[in-house]
4 protein chains.
Amino acid sequence: MEDIAAELLMTKGALYYYFKNKEDLIYHCHELVLTQAIVAVEQCLHEDLSSLDKLKKAIETHVNFAISEKETFNLIIKPEQTFSADQLHPMLKKRHKYASIFDAIIQQGIDNGEFNITETKIARMMLLGAMNWIQQWYNLEGERTKEEISAIYSEYLSKIVT
Amino acid sequence: MEDIAAELLMTKGALYYYFKNKEDLIYHCHELVLTQAIVAVEQCLHEDLSSLDKLKKAIETHVNFAISEKETFNLIIKPEQTFSADQLHPMLKKRHKYASIFDAIIQQGIDNGEFNITETKIARMMLLGAMNWIQQWYNLEGERTKEEISAIYSEYLSKIVT
Amino acid sequence: MEDIAAELLMTKGALYYYFKNKEDLIYHCHELVLTQAIVAVEQCLHEDLSSLDKLKKAIETHVNFAISEKETFNLIIKPEQTFSADQLHPMLKKRHKYASIFDAIIQQGIDNGEFNITETKIARMMLLGAMNWIQQWYNLEGERTKEEISAIYSEYLSKIVT
Amino acid sequence: MEDIAAELLMTKGALYYYFKNKEDLIYHCHELVLTQAIVAVEQCLHEDLSSLDKLKKAIETHVNFAISEKETFNLIIKPEQTFSADQLHPMLKKRHKYASIFDAIIQQGIDNGEFNITETKIARMMLLGAMNWIQQWYNLEGERTKEEISAIYSEYLSKIVT
DNA sequence: AATGAATGAGTTTTCATTCAT
DNA sequence: AATGAATGAAAACTCATTCAT
């Protein structure tokens with residue numbers, strides 16, 4: 001907490017003025033980014049595009065978030081171990097909401113014949129897993145820009161569902 | 001350390017008899033699984049199969065490891081933060097060796113015209129990310145067997161490279 | 001301090017406008033109640049009554065204070081640990097003054113033959129202890145009124161000195 | 001906790017090896033003394049004595065504990081504010097058990113005509129309050145021995161119930 | 001006269017590690 | 001080879017107090 005406070009040019013005490021405890025701080029960070037991401041991806045779902053283009057756009061959006069918000073976007077592999085009962089439930093709910101947008105896009109594609117798979121949820125988890133893994137290796141000093149990365153991801157990953 | 005020892009039906013002290021410290025313990029766990037996985041995936045590379053079938057088999061192998069060795073196989077998102085200089089180097093080397101087997105399979109497929117992509121490494125990272133994400137959601141009590149999961153993964157993910 | 005301020009429908013800052021620090025606040029609370037109690041019990045001493053009736057009246061007075069001013073009247077078990085040198089001395093002096101009124105009533109009773117004990121001070125401490133303990137168990141929603149309680153206390157406790 | 005550990009010639013860490021947290025430590029201290037006191041006072045109840053002598057003996061016993069175990073015996077004025085739900089319940093139960101022994105002695109005295117009061121519980125609370133107040137003023141360097149004090153208390157306080 | 005934000009020193013708690021036996 | 005007890009450094013957390021506005 002001291003280090004986080006220092007990074008924000010505040011003191012530990014100031015941080016505790018705004019957040020009940022460490023868990024609460026982490027919770028709100030995730031909440032914030034997740035809420036933004038939901039809005040952004042939901043927009044893709046409702047645009048007037050083919051299902052494939054919707055998915056590609058959603059992938060690009062997610063990759064951009066994953067790169068920009070490296071630390072908070074998907075850090076928490078096991079939310080069950082990070083959050084206590086109080087905060088776990090709304091967090092899981094919100095995560096599920098986010099996932100379900102991808103599910104909806106995929107389902108649309110299946111229904112209109114664009115996509116050719118049966119396992120919607122597993123496909124969605126492949127997509128999210130592949131994208132979240134970016135934080136493993138991506139670093140800003142690398143040779144590729146965010147835009148190049150997200151273009152490659154949308155091109156390659158969208159093949160999973162076709 | 002206490003919890004780990006308890007899980008192994010030993011005491012903390014006994015654990016320290018066998019491992020220098022916590023880092024050392026984690027290192028050896030990963031070392032062990034990674035070494036086995038390298039052997040198994042290397043076998044796929046050298047079998048007399050098409051590149052696509054080699055990749056599919058490698059995917060199935062990795063998925064099996066990921067499910068069986070949930071805790072150790074890919075826990076470490078950022079080895080730089082887990083290992084100190086001494087152990088970081090060999091660990092990164094071994095990880096790289098593992099990754100390079102997948103790279104080799106993909107490169108073969110590109111060279112012989114089976115695969116139709118240009119970004120070998122990014123494709124490989126998509127595959128690994130998608131597969132490692134399994135530990136996020138897979139649980140033994142689920143409705144699908146390990147075999148079903150790995151079949152779906154090899155079918156869907158191999159489409160990335162084609 | 002936050003909680004105290006909230007109870008008073010003010011903010012912490014406002015509290016510090018009126019009191020130098022926490023100790024000062026506590027000091028003034030006690031000062032206030034103790035001053036009132038001294039006046040009230042002194043009146044009992046000077047009334048034209050038998051010593052027994054004086055004592056009974058003093059007991060009733062104290063019990064009423066103890067119930068009404070639950071939080072401040074006798075909270076401080078060890079003033080030495082609560083107050084610093086500056087405030088400890090006047091506080092102890094005032095406490096002693098309060099105690100000495102009870103001592104005076106008891107002494108009068110001994111002198112005029114109404115009471116039949118030798119240990120004035122110990123008897124006084126028994127009385128005060130027994131009465132102050134009320135805050136332990138008394139709660140407003142209980143079945144007994146303040147008046148009933150103080151009647152029982154004056155009846156039973158006055159037997160100590162006879 | 002540091003200070004407590006130092007007093008015991010241990011380190012903070014050692015204290016936490018034996019007690020879950022500060023509350024747990026306090027709980028066990030009280031538990032221990034209260035258990036001993038229950039045994040000791042229960043003995044008074046079952047001895048072959050008049051009710052008055054039983055009560056006097058119980059008073060002497062309690063006073064001895066109050067003086068010897070100054071810090072733990074009755075420090076906690078409001079257990080509700082010290083203990084959390086888990087430990088509050090057993091603590092209140094044990095406190096109640098202790099109180100009920102005094103109630104039993106008093107009730108016996110009422111039943112056999114030795115005592116002449118109607119308010120058993122209030123009388124008991126007067127006794128306990130008067131006795132516990134001892135810690136307010138008693139100090140080892142004082143002029144009176146533990147035995148003298150307890151003799152005076154048993155003589156004076158037993159008059160409450162007669 | 002009052003406030004919200006911030007501080008920092010102190011306290012509690014955790015946990016990897018050590019060590020005598 | 002193994003253990004229970006103990007350590008200490010670091011982390012989380014609290015809270016009386018200050019201060020610019």
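Quick note: numbers below take in every heavy atom, side chains included, and nothing from hydrogens, waters or symmetry partners. Here is the naming used below: chain letters follow the sequence lines, and residue numbers restart at 1 for every chain.
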field: Exceeds 12 heavy-atom contacts within 6.0 angstrom, atom CD of D:Q36
entry: yes
- prompt: So which nucleotide from E:dA5, E:dT13, F:dA6 ends up closest to the side chain of D:T11?
  reply: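 Within the option list, the nearest is F:dA6.
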Calculate the interatomic distance between [X] atom [atom1] and [N] atom [atom2]; express it in whole Å.
X     : N      : atom1 : atom2 : value
A:Y17 : F:dT18 : OH    : P     : 17 Å
B:K20 : E:dA16 : NZ    : P     : 15 Å
A:L9  : E:dA5  : CG    : C1'   : 16 Å
A:N21 : F:dA11 : CG    : P     : 17 Å
B:E2  : F:dT7  : CD    : C1'   : 14 Å
D:D24 : E:dT13 : CG    : P     : 10 Å
D:M1  : F:dG8  : CE    : C1'   : 15 Å
C:M10 : E:dG4  : CE    : P     : 12 Å

- prompt: Can you find a donor-acceptor pair, distance only, under 3.5 Å between B:K12 side chain and E:dT17 base?
  reply: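 Counting by modelled atom types and ignoring angles, a donor-acceptor contact under 3.5 Å is found here.
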- request: Just call it for D:Y18: base, sugar-phosphate, or nothing, with non-hydrogen atoms closer than 4.0 Å on any strand.
  value: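 Sugar-phosphate contact only - D:Y18 comes under 4.0 Å of backbone atoms but never of a base.
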Side-chain heavy-atom pair [X], [Y] within 4.5 angstrom cut-off:
X      : Y      : answer
B:F65  : B:M131 : no
D:E31  : D:P90  : no
D:L25  : D:M1   : yes
B:Q136 : A:L128 : no

query: Reckon B:Y16 has a side-chain N or O less than 4.0 Å from the OP1 or OP2 of E:dT17?
result: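 The answer is yes; a side-chain N or O of B:Y16 sits under 4.0 Å from OP1 or OP2.
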message: Just to be sure I follow the notation: if a pair is Watson-Crick (purine N1 to pyrimidine N3 plus N6-O4 or O6-N4) or a G-U wobble (N1-O2 and O6-N3), each under 3.5 Å, what dot-bracket string does DNA chain E give, with | for pairs to another strand?
response: .||||||||||||||||||||
- line: Per side-chain hydrogen bond (donor to acceptor under 3.5 Å, both in side chains), B:D24 is matched among B:H28, B:K20, B:K22 by B:H28
- prompt: Is there a donor-acceptor pair closer than 3.5 Å between any side-chain N or O of C:E23 and the backbone N or O of C:S84?
  reply: yes
Whichever of A:G13 and B:L15 has its nearest DNA chain F nucleotide further upstream toward 5':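 Nearest nucleotide further toward 5': that of B:L15.
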